[in-house]
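Okay, so here's the structure we're looking at.
Computed from a predicted model, the values in this text were never measured in an experiment. Proteins come first, then strands; the chains are lettered A, B, ... in the order of their sequence lines, and each starts at number 1.
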Amino acid sequence: MPDEKEQRYDPAAIETKWQERWAADPVLYAAEPAGSSKPKYYVLEMLPYPSGQLHMGHVRNYSIGDALARHMWMRGYNVLHPMGWDAFGLPAENAALKNNTPPREWTLGNVAAMKRQMQRIGFSYDWRTEVTTCLPEYYRWNQWFFLRMVEKGLAYRKKSKVNWCPECATVLANEQVVDGCCWRHEETRVEQRDLEQWFLRITNYAEELLQGLESLEGWPEKVRTMQRNWIGRSEGTEVDFFLEEINLGPRDQGNKEPEKQGSGVRDQGSERRRIRVFTTRVDTIFGATSVQLAPEHPLVAAFTRKDAGLRTQVAGLIDEQRRAREAGDVGAIEKHGVPTGQFAINPYSGETIPIWVANYVLMEYGTGAIMSVPGHDERDFEFAKKYAIPIRRVIAPADPRAEEPELPFTAEDGVLVNSGEYSGLSCAEAQKRLQEVAARSGFGGAKVIFRLKDWGVSRQRYWGTPIPMIHCERDGLVPVPDAHLPVILPEKIEITQTGGSPLARVPDFVNVTCPRCGGPAKRETDTMDTFVDSSWYFYRYTDAKNSSAPFGPERAEYWFPIDQYIGGVEHAILHLIYSRFWTRVMRDLGMIRNSEPATRLFTQGMVIKNGAKMSKSKGNVVSPDEMVAQYGADATRMYALFAAPPDRDLDWQEDGVAGVSRFLARVWRLTARHAAKARSVANGTNNACATASATAQKLLRKMHQTIARITLDFEGRWHFNTCVAAIMEYVNALQEADAQLGSDEISAGVVRELLLTLALLLAPFAPYLAAELWEQLGGEGNILRAPWPKSDPGLAKEDEIEVPVQINGKLAAVIRVAAESDGKTMEAAALADEKVKARTAGRTVVKVIVVPGRAVNLVVK
RNA sequence: GCGGAAGUGGUGAAAUGGCAAACACACUAGCCUUAGGAGCUAGCGCCCAAAAGGCUUGCGGGUUCAAGUCCCGCCUUCCGCACCA
């Protein structure tokens, strides 16, 4: 046996050796094509942005996915485990400004660097299916999809108020505004600007996206709830209040493009003007004592045209609301309002009530107008108190004996009072009746509205997918023909941060001929939001080299839906709702059959250090490269799994990595000591259990128990921290029996089985060391595809077990009994125990509860 | 305000309703030595000098033979949403 000193565990040497060997086999991690006899398993981790440096969050995310992928391979599945790069985005432009490096060069350099890091750690990706979203062979399909959406009316252009980040000099989606600030610039207030923008009609799918969440049982409840709230479905009623006819001067045409969710003003020829409100509590409408308009409501402009005083006051409200929105505390500002001096008529009661403008009414939600019912709504109550607007009770408790509750009374299980012919009806019944009346009489009806808005995808930046549209003076907006795709992003370009889109300053790009009339025309210079790229990238993995379509339908059909998707919870809304939308669009284009991209989603916790998220500004960043250099890739990734369950935040402690590294060294030495003995017998001769010694049987029992524990965790619980702990326990048991492993007491066949199994159990977590051990022990074939060990329940079972004996629920003694003991035997053993006897002396045992194999409890008086 | 998750030793944590603290880290004492970021042995929740014993899973109730685990109420922390009509 070689001197142990020369056999020091040297992770760098082992890992480099295997990395080279595995790199030489390009199909090592390749999935088999559709039609494979094996069941398919698609495991996917969210693709990173190529910043240039892998961080610990990546390492954790990919270590989880990698362990799962490796396990599934060993279980005999046909595994698809791909990786790619979310490579468009602003940082490349910033870097270009700072270092004068072209974005493409910078990005691809980062991709190469991070790929090296991933390969060094040994993640099992099939690099032949790598997807890089900034390359034309990928983004041309973004353009292709965009054109399909234009054809289907799912992509459209409109002028709208947009979120503008002055730092990015671009528009942000609603989803990218956090607390009134840019998601990438937490200090930068987002401004509101009016611009012509491209939108995708995600609201067409609002109902379905909401319904679909019900079926996603494999997704965390938290994510489903967040999406539910984001979609924000609300059932209610729209009601038109008639405007008391007054002199407004020339008819106002303010609202030329009606909002999808209902317009503020209807001008129906000779009919009277109306204000449409949305309410979820139409049953309280007899209690409406004012109508409140959002300050930006088109009708307000008409009212203020002749009233300079009102105009000033409204401007003040708008300003206040804007400032609050930018500060991110819209909910915190005090409620203010101004009476317009105009009146509206309640269509049910004919009552005339004043019209106000109020800063707590939002133009973006509902119709931008509400009926104010101070008796039965908290906000309206607060407002009415402040301005001495009448407060009226129109709902009473269902139980007539109940005391009259204080106002505002917002419960919905009451009955109507003071509500004309509707008095006496329950709230629910009244809502139904009032909706029917409104619909029949043409002044409203039932209505479902959503908080979700269409997805603004235009960006005035360079480093993104060019939107394939052409502006022709004669033909208007003309789509680029499919045959002209891709619209290539020009490479020679001067990046600036101001002055609009950099693309607009590239004449070669901008000036084209119109595909329709052949006349001079200009290209659209907006690029697409990068979330477009990540909305469908995982389909491309199934057919990454396809140059005639985004992917072949038969491949998507085979691999989808994704069996397990793994990533950070920060994508719970943005990426995960966009990709659910995109999947449905592709389904409706006939490209796929599934409606959801992934059946199971796992969101791992953050990696923190000293109680805070790792960040450069806090100076608590731990570099994966340093960890790998010091302790090896195996120790680094195994620690990432060992330190906490995957769904919880993980506090990075370098001492812990050192501990895992020492553990791996112990495994290494243990194997080195007994490798020769293990190698001395061939495979298949190792089933020596029947004749094995007591020590051997004990170790084999521990082995089977360990296999069972780990296998179970892979099947769903995913507490990989306890999997690693179980392996450690197993190794501790082997080490305690070190002398016997080396002696005749344990046969070579058993030693071989014990150690080969150890290597197999380690393979998902520490693949390099596992491969090395496998080779030293003379294991057959490639350990990566060796079958996962099976636990034999018979061999895993203990002969004798320890059972607690409780007296009145308190622990009194622990007895040893045979594992299969029945209740009577256990009871007898418990009563025979000295400690139990002492405690029960002179008292009566009233009852004995025996849980076979578990516990004995004596109820004693 | 609404929704979600969590609260256990010095630390990370473990525990199908059945012996709370597995597995590690840190620490303490000792051993070994080719002095290593190594290895080995022992100790390590709290109270008591020790033993015996008692106490202990944020707080208060409850269900149960038995509760860290289930139920009710509260507190704290973190996360998401929020004048959503």
Side-chain angles (χ1 to χ4, degrees), chain A residues 4-5 8-9 178 220-230 232-234 236-237 277-281 284 292 294 321 324 328-335 358-362 364-373 377-380 382-383 449-451 569-570 572-573 605-606 611 630-631 639 642-645 647-663 665-666 669 712 717 719 721-729 731-732 735 802-815 846-851 853-860:
Chain A
E4 234 183 77
K5 289 276 151 20
R8 284 261 307 271
Y9 172 56
V178 181
E221 193 51 49
K222 179 189 168 108
V223 173
R224 296 205 280 171
T225 306
M226 282 167 73
Q227 292 209 357
R228 251 178 233 124
N229 292 340
W230 191 261
R233 185 181 195 274
S234 190
T237 313
V277 305
F278 175 79
T279 176
T280 53
R281 289 297 305 275
T284 66
Q292 306 281 346
Q321 210 178 36
D329 53 0
V330 182
I333 56 172
E334 206 191 323
K335 291 176 183 35
N359 65 345
Y360 71 97
V361 181
L362 307 172
E364 314 84 82
Y365 187 75
T367 61
I370 63 165
M371 62 175 198
S372 179
V373 185
D377 181 278
E378 309 250 0
R379 291 154 308 172
D380 294 345
E382 193 187 323
F383 190 87
I449 64 167
F450 294 93
R451 207 188 72 113
V569 75
E570 66 272 17
I573 294 177
M606 283 189 301
Q630 290 238 36
Y631 305 102
Y639 173 74
F642 176 58
D647 56 339
R648 240 197 262 186
D649 284 353
L650 182 159
D651 194 80
W652 194 270
Q653 296 182 5
E654 195 172 330
D655 284 332
V657 190
V660 172
S661 169
R662 284 198 298 271
F663 164 72
R666 219 150 47 230
R669 290 192 302 269
L712 190 68
R717 207 180 67 138
H719 281 196
N721 55 328
T722 60
C723 291
V724 175
I727 297 175
M728 287 173 169
E729 280 186 51
V731 169
N732 290 347
Q735 192 142 296
E802 290 191 336
V803 174
V805 181
Q806 297 171 321
I807 293 179
N808 295 337
K810 289 213 167 204
L811 180 70
V814 177
I815 54 171
V846 185
K847 195 175 173 188
V848 181
I849 295 107
V850 182
V851 185
R854 276 291 181 192
V856 180
N857 194 3
L858 309 176
V859 184
V860 170

For a quick check, with a 4.0 angstrom heavy-atom cut-off, what is the B/S/- contact string for nucleotides 13-19 of chain B, read 5' to 3'? SSSB-BB
NA contact type, A/Gly232, heavy-atom cut-off 4.0 Å: base, sugar-phosphate, or nothing? nothing
Interatomic distance at P, B/A38 relative to B/G53, whole Å: 39 Å
Tightest non-hydrogen contact, residues A/Val569 and A/Lys222, listed as CG2-CE, 3.8 Å
Within the structure, does a side-chain N or O atom of A/Arg662 lie under 4.0 Å from either OP1 or OP2 of B/A26? yes
Figure out the CZ/P separation between A/Arg228 and B/C81, and round it to whole Å. 16 Å
Tell me what A/Asn732 touches on the nucleic acid: a base, only sugar-phosphate, or nothing, going by heavy atoms under 4.0 Å. sugar-phosphate
Within the 4.0 Å heavy-atom criterion, would you say A/Gln227 contacts the bases, only the backbone, or no part of the nucleic acid? nothing
Separation of B/G37 C1' from A/Tyr9 OH (nearest whole Å): 15 Å
With nearest nucleotide decided by heavy atoms, which residue, A/Ala725 or A/Glu382, maps closer to the 5′ end of RNA chain B? A/Ala725
Rounded to the nearest Å, what distance is computed from the CH2 atom of residue A/Trp652 to the C1' atom of nucleotide B/C25? 14 Å
Looking at the side chain of A/Met728, which of B/C23, B/C81, B/U11 is the nearest nucleotide? B/C23
Looking across every strand, which nucleic acid part, if any, lies under 4.0 Å from A/Arg666 by heavy atom: base, sugar-phosphate, or nothing? sugar-phosphate
From the list B/C79, B/G80, B/G3, which nucleotide is the closest neighbour of the side chain of A/Met226? B/G80
Which atom of A/Tyr360 lies closest to which atom of A/Ser372, heavy atoms considered: OH-OG, 4.2 Å
Please measure how far the C1' atom in B/U16 lies from the corresponding atom in B/C70, and state the result in whole Å. 14 Å
B/C74 pairs with, by Watson-Crick or G-U criteria that keep both distances under 3.5 Å: B/G58
P atom, B/G80 versus B/U41: distance in rounded Å? 47 Å
Under a 90° cut-off about 0 for the syn range, is B/G68 syn or anti? anti
Does B/A85 have OP1 or OP2 sitting under 4.0 Å from an N or O in the side chain of A/Ser234? yes
Which pair of heavy atoms, one from A/Pro804 and one from A/Leu811, lies closest together, and at what distance? CB-CD1, 3.7 Å
Provide the closest heavy-atom pair for A/Ala644 versus A/Asp649 in the form atom of the first, atom of the second, distance. CB-O, 3.9 Å
Is A/Val361 touching bases, backbone alone, or none of the nucleic acid, heavy atoms closer than 4.0 Å? base
Can you tell me the Watson-Crick or wobble partner of B/U16, both distances under 3.5 angstrom? none
Between P of B/A24 and CD of A/Gln653, the distance in whole Å: 16 Å
How about A/Asp377 and A/Arg281: do any of their side-chain heavy atoms sit closer than 4.5 Å? no
Using a cut-off of strictly less than 4.0 Å, decide whether A/Arg233 has a side-chain nitrogen or oxygen near OP1 or OP2 of B/C84. no
Using the C1' atom on both, measure B/G68 against B/C55 and round to a whole Å. 16 Å
Taking the side chain from A/Asn721 and the backbone from A/Ala643, do they hold a donor-acceptor pair closer than 3.5 Å? no
Please give, in whole Å, the distance from B/U11 C1' to A/Asp655 CG? 10 Å
Does B/A21 have a Watson-Crick or wobble partner in any strand here, with both distances under 3.5 angstrom, and which is it? none
Closest to the A/Arg379 side chain, choosing from B/A85, B/G12, B/G39: B/A85
Nearest to side-chain heavy atoms of A/Lys810, which nucleotide of B/C65, B/C81, B/C55: B/C55
Identify the nucleotide, in any strand shown, that forms a Watson-Crick or G-U wobble pair with B/A82, with both distances under 3.5 Å; if there is none, say none. none
What residue among A/Leu362, A/Thr279, A/Asp380 forms side-chain contact (heavy atoms from CB on, under 4.5 Å) with A/Ile370? A/Asp380
Please check: side-chain N/O of A/Tyr639 versus main-chain N/O of A/Gln653, any donor-acceptor pairing under 3.5 Å? yes
Please report the distance separating the P of B/U8 from the corresponding atom of B/U69, rounded so that it comes out in whole Å. 14 Å
Which nucleotide, if any, forms a Watson-Crick or G-U wobble pair with B/A42, using both distances under 3.5 Å? B/U28
Could you tell me how far B/C81 sits from B/U63 if I compare only their P atoms? Round to whole Å. 41 Å
Counting any heavy atom closer than 4.0 Å, what does A/Gln630 reach on the DNA or RNA strands: base, sugar-phosphate only, or nothing? base
How close or far is atom C1' of B/A85 from atom CD of A/Glu364, stated in whole angstroms? 13 Å
side-chain contact (heavy atoms from CB on, under 4.5 Å), that's the test. Do A/Gln806 and A/Ile849 meet it? Break it down for me. CA-CA 10 Å; A/Gln806 297 171 321; A/Ile849 295 107; over 6 Å; no
Taking atom P in both B/C40 and B/C23, compute the distance separating them and give it to the nearest angstrom. 15 Å
Has the side chain of A/Tyr639 got a donor or acceptor atom sitting under 3.5 Å from an opposite partner on the base of B/G12? no
Nucleotide B/C81, atom P - distance to OH of A/Tyr365 in whole Å: 17 Å
Determine the Euclidean distance between corresponding P atoms of B/A21 and B/U56; express it in Å to zero decimal places. 15 Å
Considering non-hydrogen atoms only, spot the tightest contact between A/Val860 and A/Asn808 and give its length. N-OD1, 2.8 Å
Measure the distance from CD1 on A/Ile370 to P on B/C83 and round it to the nearest whole Å. 13 Å
